[in-house]
2 protein chains.
Amino acid sequence: MLSLWGGASLDRELRRGTLGIAVLIVLLRGSTYGYDLANTLRRESGGIFDVKEGTLYPLLYRMEDEGWLVGGWKIPDRGKPRRYYRITEKGRHQAGEQLASWRELNAVMELMVAGSEGDARGAESS
Amino acid sequence: MLSLWGGASLDRELRRGTLGIAVLIVLLRGSTYGYDLANTLRRESGGIFDVKEGTLYPLLYRMEDEGWLVGGWKIPDRGKPRRYYRITEKGRHQAGEQLASWRELNAVMELMVAGSEGDARGAESS
DNA sequence: ATATATACATCGCTACACTATGCTATCGCT
DNA sequence: AGCGATAGCATAGTGTAGCGATGTATATAT
């Protein structure tokens with residue numbers, strides 16, 4: 001693994017917090033379970049969200065505690081029991097809020113970039 | 001000041017990592033010191049980046065360790081000594097990389113949102 | 001039989017943001 | 001002269017999240 005950000009496509013730090021939004025967004029489409037959620041995230045993000053069990057399950061528990069999701073067991077005809085998560089009204093609201101925050105943050109970042117573009121050089125006013 | 005995220009301080013997570021990019025971006029304009037950097041970030045972000053000393057200084061130390069910044073003391077005619085940070089070539093490169101990653105992540109997020117927009121309702125296929 | 005995929009759970013490590021605190025220097029006010 | 005506010009850097013302590021590792025268990029493919 002990389003120490004801070006050196007390589008890799010996208011790093012821990014960048015994904016932080018964002019993963020939560022992504023989970024809510026996917027759950028807006030309908031209820032699903034952890035394993036499937038992980039695969040969906042991995043597939044649709046082109047591998048950027050390569051979420052581990054040790055990350056995803058605790059995240060889902062926290063979201064359930066917050067009341068954004070409700071989980072329930074389903075026993076399929078064959079295979080292991082799955083815990084399906086459905087987004088609540090509160091969670092739906094959160095998804096909207098967090099997405100708005102994300103976009104605002106994005107706008108702020110781009111503004112700051114624009115403010116730096118002109119004088120990127122000529123910095124050493126020592 | 002943008003209070004979103006259910007009050008419970010989840011925007012912390014969202015800022016994580018992003019703050020690092022923001023610091024690099026501001027330093028692209030020229031060298032500056034911690035206190036001023038904090039104010040610049042707060043002002044230009046409209047309060048989103050309300051960075052605390054306990055966050056900023058360790059972050060600057062880490063970046064210096066990584067070789068993205070070089071710090072040096074300057075004694076002003078009046079006032080306390082300031083530690084000015086200048087971005088290195090390596091840091092400049094990092095800024096570009098991280099910004100590209102940030103934009104890629106942003107694009108992925110918007111794609112997933114678009115994929116959820118149609119069936120945001122009608123989810124409860126319990 | 002054995003490997004792989006499915007599926008959930010949790011311990012333990014590490015990193016990091018944040019609070020709180022401490023220190024010193026200067027400025028403005030009275 | 002006294003005092004609070006602001007400037008400016010530093011760090012110990014706390015809480016929490018990501019994630020690797022590991023465990024459990026079933027189904028399918030080779």
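Proteins get letters first, then strands, A, B, ... in listed order; numbering begins at 1 in each. Remember, predicted model here, so these are calculated numbers, not experimental data.
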Do you know the tightest heavy-atom contact between Leu105(B) and Phe49(A)? CD1-CZ, 3.7 Å
Minimum heavy-atom separation for Thr88(B) to Leu69(B), with atom names? CG2-C, 3.9 Å
Atom pair distance, as rounded to whole Å: CG in Leu41(A) and P in dC19(D): 12 Å
Kindly give the heavy-atom pair with the smallest separation between Pro81(A) and Pro76(A), and that separation in Å. CA-CD, 4.0 Å
Can you measure Leu37(A) atom CG to dC8(C) atom P for me and round it to whole angstrom units? 10 Å
Earlier contact from the 5' end, DNA chain D, for Arg78(A) and Val51(A): Val51(A)
How many Å lie between CZ on Arg42(B) and C1' on dA7(D), as a whole number? 12 Å
Asp77(B) has an atom CG; how far is it from atom C1' of dC27(C), in whole Å? 16 Å
Starting at atom CG of Leu60(B), determine the distance to atom P of dC16(C), rounded to an integer number of angstrom. 13 Å
Using a 4.0 Å heavy-atom cut-off to protein, can you give one letter per nucleotide of nucleotides 8-14 of chain D, 5' to 3': B if the base is in contact, S if only the sugar-phosphate is, - if neither? BBBB---
Interatomic distance where NZ belongs to Lys52(B) and C1' belongs to dT19(C) [whole Å]: 10 Å
Roughly how many Å is it from CZ in Arg62(A) to P in dA9(C), rounded to a whole number? 14 Å
Co-membership, hydrophobic cluster, residues Val70(B) and Val23(B), 4.5 Å side-chain: no
Just the rounded figure in Å: distance from C1' of dA17(D) to CG of Asp65(A). 14 Å
Quick check: is Leu111(A) connected to Ile48(B) through a chain of hydrophobic side chains (ILVMFWY, heavy atoms under 4.5 Å apart)? no
Indicate yes or no for a side-chain donor-acceptor contact from Ser116(B) to the backbone of Ile25(A) under 3.5 Å, with no hydrogens or angles considered. yes
